[in-house]
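A short write-up of the structure that comes next.
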Amino acid sequence: MKPLSSYPMNVQLKELDIKINLISGKHENLLANANVTFRFESGEYFTITGFSVWKSKFGGLNVTEPQKAGFKFCFFEKSLWNKVKKHILHAYDYATIPIAGQQDDDLPIL
């Protein structure tokens with residue numbers, strides 16, 4: 001097997017943009033899907049779609065990486081994954097805050 005090819009890149013991560021799509025009725029424990037955009041100081045970016053926010057059967061919420069039938073499309077180093085997961089959960093909490101005076105059927109798609 002050939003070794004991995006490594007190429008030096010000097011990129012500085014500037015921010016994460018997280019788009020939350022609230023879901024209802026698709027699966028009883030599935031609460032939302034999330035798209036995460038990683039933006040760099042240079043203005044360049046990439047987006048990973050398909051993160052899911054679930055109700056945990058043990059209480060609380062879980063975030064899963066994009067996957068299809070058990071096949072994961074991306075892998076994160078553990079400390080980076082914990083940071084991304086924390087920000088997705090924060091964005092989900094913010095998206096679920098009701099707006100005063102707004103009916104449920106008037107809710108915007110975030």
Side-chain angles (χ1 to χ4, degrees):
M1 178 192 275
K2 289 184 178 182
L4 294 176
S5 299
S6 296
Y7 302 96
M9 293 182 67
N10 187 17
V11 293
Q12 297 295 318
L13 185 61
K14 180 179 177 183
E15 65 186 7
L16 295 179
D17 294 330
I18 301 172
K19 180 179 179 188
I20 298 291
N21 298 310
L22 299 175
I23 297 175
S24 63
K26 195 169 190 176
H27 185 282
E28 65 184 69
N29 292 333
L30 180 61
L31 302 172
N33 287 325
N35 300 332
V36 180
T37 299
F38 297 79
R39 295 193 184 276
F40 299 98
E41 292 286 339
S42 64
E44 299 169 319
Y45 67 93
F46 68 93
T47 301
I48 301 175
T49 62
F51 294 91
S52 299
V53 179
W54 296 82
K55 280 188 218 174
S56 171
K57 60 184 174 183
F58 304 109
L61 300 176
N62 284 331
V63 176
T64 56
E65 297 167 321
Q67 55 187 329
K68 188 80 162 183
F71 177 78
K72 291 188 177 185
F73 296 103
C74 61
F75 296 94
F76 290 88
E77 183 273 328
K78 187 174 182 174
S79 66
L80 178 60
W81 170 241
N82 288 333
K83 291 174 187 176
V84 170
K85 186 166 82 169
K86 180 181 83 171
H87 291 304
I88 291 172
L89 289 173
H90 182 265
Y92 171 79
D93 286 342
Y94 182 78
T96 58
I97 295 172
I99 298 172
Q102 190 173 39
Q103 300 295 330
D104 283 343
D105 55 347
D106 294 336
L107 289 177
I109 297 173
L110 301 175

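Numbering of residues begins at 1 and proceeds along the displayed sequence.
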Query - Non-hydrogen side-chain atoms of Arg39 and Tyr45 separated by less than 4.5 Å - result: yes

**Report entry** Evaluation steps, side-chain contact (heavy atoms from CB on, under 4.5 Å), between Leu13 and Phe38
**Finding:** CA-CA 7 Å; Leu13 185 61; Phe38 297 79; 3.9 Å; yes

Requested in this report: Establish whether Ile23 and Ile97 are linked, either directly or via other cluster members, by ILVMFWY side-chain heavy-atom contacts under 4.5 Å.
Outcome: no

Query raised in the report: Does atom NE2 of His90 have more than 12 heavy-atom neighbours, drawn from other residues, nucleotides or ligands, at distances under 6.0 Å?
Result: no

Report summary line: With sequence neighbours left out, the residues meeting side chain to side chain donor-acceptor pair (under 3.5 Å) with Ser42 are Glu44

**Report entry** Partner residues of Glu28 under the side-chain contact (heavy atoms from CB on, under 4.5 Å) criterion, sequence neighbours left out
**Finding:** none

Query raised in the report: Are any non-hydrogen side-chain atoms of Leu31 and Lys55 less than 4.5 angstrom apart?
Result: yes

**Report entry** ILVMFWY network linking Leu4 to Tyr7, side-chain heavy atoms under 4.5 angstrom
**Finding:** no

Requested in this report: Indicate if Tyr92 and Trp81 have the same hydrophobic cluster label, given that clusters are the connected sets of ILVMFWY residues with side-chain heavy-atom separations under 4.5 angstrom.
Outcome: yes

Report task. Evaluate the criterion side-chain contact (heavy atoms from CB on, under 4.5 Å) for residue pair Thr96 and Leu22; output intermediate values, then yes/no. Result -> CA-CA 8 Å; Thr96 58; Leu22 299 175; 3.8 Å; yes

Report task. List in chain and number order the residues that pass side-chain contact (heavy atoms from CB on, under 4.5 Å) with Thr64, two or more places apart in sequence or in another chain; answer none if no residue qualifies. Result -> Ser52, Trp54, Gln67

Report summary line: Heavy-atom nearest pair, Ile20 first then Ile88, reads CD1-O, 4.0 Å

Requested in this report: Treating Ile, Leu, Val, Met, Phe, Trp and Tyr as nodes and any side-chain heavy-atom pair under 4.5 angstrom as an edge, say whether Phe76 and Leu61 lie in one connected cluster.
Outcome: yes

Query raised in the report: Does a side-chain heavy-atom distance below 4.5 Å link Asp17 with Val36?
Result: no

Report summary line: Tightest non-hydrogen contact, residues His87 and Leu16, listed as CD2-CD1, 3.9 Å

**Report entry** Verify same cluster id: Phe75, Leu80 (apolar side-chain graph, 4.5 Å)
**Finding:** no

Query raised in the report: Taking side chain as C-beta onward, heavy atoms only, is Phe51 less than 4.5 Å from Asn35?
Result: no

